[in-house]
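Worksheet: the structure to be examined is printed underneath.
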Protein chains: 2
Amino acid sequence: MANYSSIAVENFIKAIYKYESRDGADTKSGTIATELGITHAAATDMARKLAAKNMVDYEKYKELKLTPAGKKLAVHVVRKHRLWETFLHQVFGLSMHEIHKEAELLEHATSDFLLDKISEYLGNPQFDPHGDPIPTKEGKVETSQASLSMVYAELNTSYKICRLRSSDEEFFDFCQANDMRLGTALTIKKRYPKTRMLEAELNHKTLLIHYDLAQAIHVE
Amino acid sequence: MANYSSIAVENFIKAIYKYESRDGADTKSGTIATELGITHAAATDMARKLAAKNMVDYEKYKELKLTPAGKKLAVHVVRKHRLWETFLHQVFGLSMHEIHKEAELLEHATSDFLLDKISEYLGNPQFDPHGDPIPTKEGKVETSQASLSMVYAELNTSYKICRLRSSDEEFFDFCQANDMRLGTALTIKKRYPKTRMLEAELNHKTLLIHYDLAQAIHVE
DNA sequence: ATTAAAATTTAAGTATGCTTAAATATGTGC
DNA sequence: GCACATATTTAAGCATACTTAAATTTTAAT
Ligand SMILES: [Mn+2]
Ligand SMILES: [Mn+2]
Ligand SMILES: [Mn+2]
Ligand SMILES: [Mn+2]
């Protein structure tokens, strides 16, 4: 009972981790509830249970914070998730929008033993197909990457795409149609804040991209 | 709610299927309980729930029987199980005793979409590494195989090993040490019923094999 | 500083999948 | 056919992970 975590717990901890390691960093129970598609009441409930298990620091009405034990679990599940995404993409040729959903299930059904085999088979990759770092077996996560969403990038500066953070089919349709991949060079030419659009130049073309979509495109 | 089955339900249905398709064919609730490592009370409980869902025919004190819907689910989960075993063995080189435990988890975390990819990748194999038939996508299972446990094989008749039905490490150690694989020829020379041993000749050697171990070795 | 809106927690209840203990039915030996 | 051992079911209860509805706190607007 001490060592095993349920699927619900793994997903909950992972959701906190996701929002903790973000610019906005909003880890209120409501955010987590929305992320997981459960009610606020259920999220509060789980937060208290995980606080009792020393996985989460919880004070009423405050943001949820992972304890070292919680963070360790989160990173471990993220490692499983990203290794599966890499595997599904490389070995079965699943497309970028398909891998996330499958990895979301497989991450909870993978022993540490099997995880090692997957990692070895892939040559211990450091990044998943989205460009996100794969935590090491020891739990280290590449944080040096000074990536930022292209929404916040400087004008008239040459960048390269380093992450495509989405699991939406339409998003990747758009990327493919415009030859936007990891490594593709681009420059932001102009911003239209009212309509929330950016004018970007890439592959000798000019594109108008809405902030909502640009959000998922990280550059460095 | 109609279409999704929990892990507990999938394992329960699969356990009934396993014992239904056996010589002894004992599918009393106690047998299933022991197979799954739960109490008899829990098994009875589940049997009644599944009867309400039309997956199992259940009459008090009688054997559990799968309905067509139950059998369909069982075969589908078995397909997932055996494809994963095949995949783990062929792609990651997991040994015979390791594949079962991993497949037992992965079978519940695999979409039909992913299952197709796995099957395709392997060239739609018909048998898993144990020699058990892999049900087709349409739910057909190769039943023609006139295999029987070597315990019941005739004396002085040449057979070939067609199944090695175990997930025990020692069992496969023994098999490997004596070059017993799928396809290996053997002849039963003598039976010692009191000590429950068989004398078998294979690979120009004579072996004394206990019934308990021989049970898992099927020949044809 | 009030007050209304929004977010969060509490309370009560449900479904699932288990447990232990007691009651009941089945089956075997004689 | 009876009695006892064995198997199965019933009953009561528990943990997990949710729900809806009501109460409470925070926050943001005026
Ligand atoms: Mn993902
Ligand atoms: Mn998940
Ligand atoms: Mn198996
Ligand atoms: Mn299983």
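Letters A, B, ... mirror the listed sequences (proteins, then strands); counts begin at 1.
Looking at residues two or more places apart in sequence or on another chain, you find no side chain to side chain donor-acceptor pair (under 3.5 Å) involving B:K65. For B:H81, the ring-ring contact (aromatic ring centres under 6.0 Å, His included) partners at least two apart in sequence or on another chain are B:H100. Under the rule for a side chain to side chain donor-acceptor pair (under 3.5 Å), the partners of A:N124 that lie at least two apart in sequence or sit in another chain are A:S119. Residues passing the side chain to side chain donor-acceptor pair (under 3.5 Å) test with B:T110, sequence neighbours excluded: B:W84. The salt bridge (Lys or Arg N to Asp or Glu O under 4.0 Å) check on A:R82 picks up A:D128, with sequence neighbours excluded.
Listed by first and then second residue, the ring pair (Phe, Tyr, Trp, His ring centres under 6.0 Å) pairs that reach into residues 54-79 of chain B come to none, sequence neighbours excluded. Each salt bridge (Lys or Arg N to Asp or Glu O under 4.0 Å) pair with one or both residues in residues 83-94 of chain B, not counting sequence neighbours, would appear here, but there are none. Pairs of residues two or more places apart, or lying in two chains, that qualify as salt bridge (Lys or Arg N to Asp or Glu O under 4.0 Å) and include a residue from residues 29-48 of chain B are B:K18-B:E35, B:D45-B:K49.
What separates CD1 of A:I32 from P of C:dA7 is a distance of 15 Å, to the nearest Å. Regarding A:Y58, its OH atom lies at a distance of 10 Å from the P atom of C:dT8, rounded to whole Å. Distance CD1 (A:I7) to C1' (D:dA15): 16 Å, rounded to an integer number of Å. Between B:E10 atom CD and C:dT16 atom C1' there is a gap of 15 Å when expressed in whole angstrom units. The distance from atom NZ of A:K62 to atom P of C:dA7 is 19 Å, rounded to the nearest whole Å. We find that CD1 of B:I13 is positioned 15 Å from C1' of C:dT16, with the value rounded to whole Å. Rounded to whole angstrom, the span from the CG atom of B:D26 across to the C1' atom of D:dA7 amounts to 11 Å. As rounded to whole Å, 12 Å separates atom P of C:dA15 from atom NZ of B:K53.
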Identify each donor-acceptor pair in which a side-chain atom of residues 89-98 of chain A lies under 3.5 Å from a protein atom, sequence neighbours left out, and give them as a table.
{"from": "A:H89", "atom 1": "ND1", "to": "A:L94", "atom 2": "O", "distance (Å)": "2.8"}
{"from": "A:S95", "atom 1": "OG", "to": "A:H97", "atom 2": "ND1", "distance (Å)": "3.2"}
{"from": "A:S95", "atom 1": "OG", "to": "A:E98", "atom 2": "OE1", "distance (Å)": "2.8"}
{"from": "A:E98", "atom 1": "OE1", "to": "A:S95", "atom 2": "N", "distance (Å)": "2.8"}

Just the atom pairs and distances: protein N or O near nucleotides 25-29 of chain D's N or O, under 3.5 Å.
{"from": "D:dT25", "atom 1": "O4'", "to": "A:Y61", "atom 2": "OH", "distance (Å)": "3.0"}

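Residues of residues 33-49 of chain B that place a heavy atom closer than 4.0 Å to DNA chain D, in numerical order, are B:H40, B:A41, B:T44, B:R48.
Using a 4.5 Å heavy-atom cutoff, the side chains of B:P129 and B:T86 are in contact. Under the 4.5 Å side-chain criterion, counting only non-hydrogen atoms from C-beta, A:R196 is in contact with A:H210.
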Checklist line | Bracket string, DNA chain C, 5' to 3' - pairs by Watson-Crick or G-U geometry under 3.5 Å, | interstrand | finding: ||||||||||||||||||||||||||||||
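The side chain of B:S29 places an N or O atom within less than 4.0 Å of a non-bridging phosphate oxygen (OP1 or OP2) of D:dT9.
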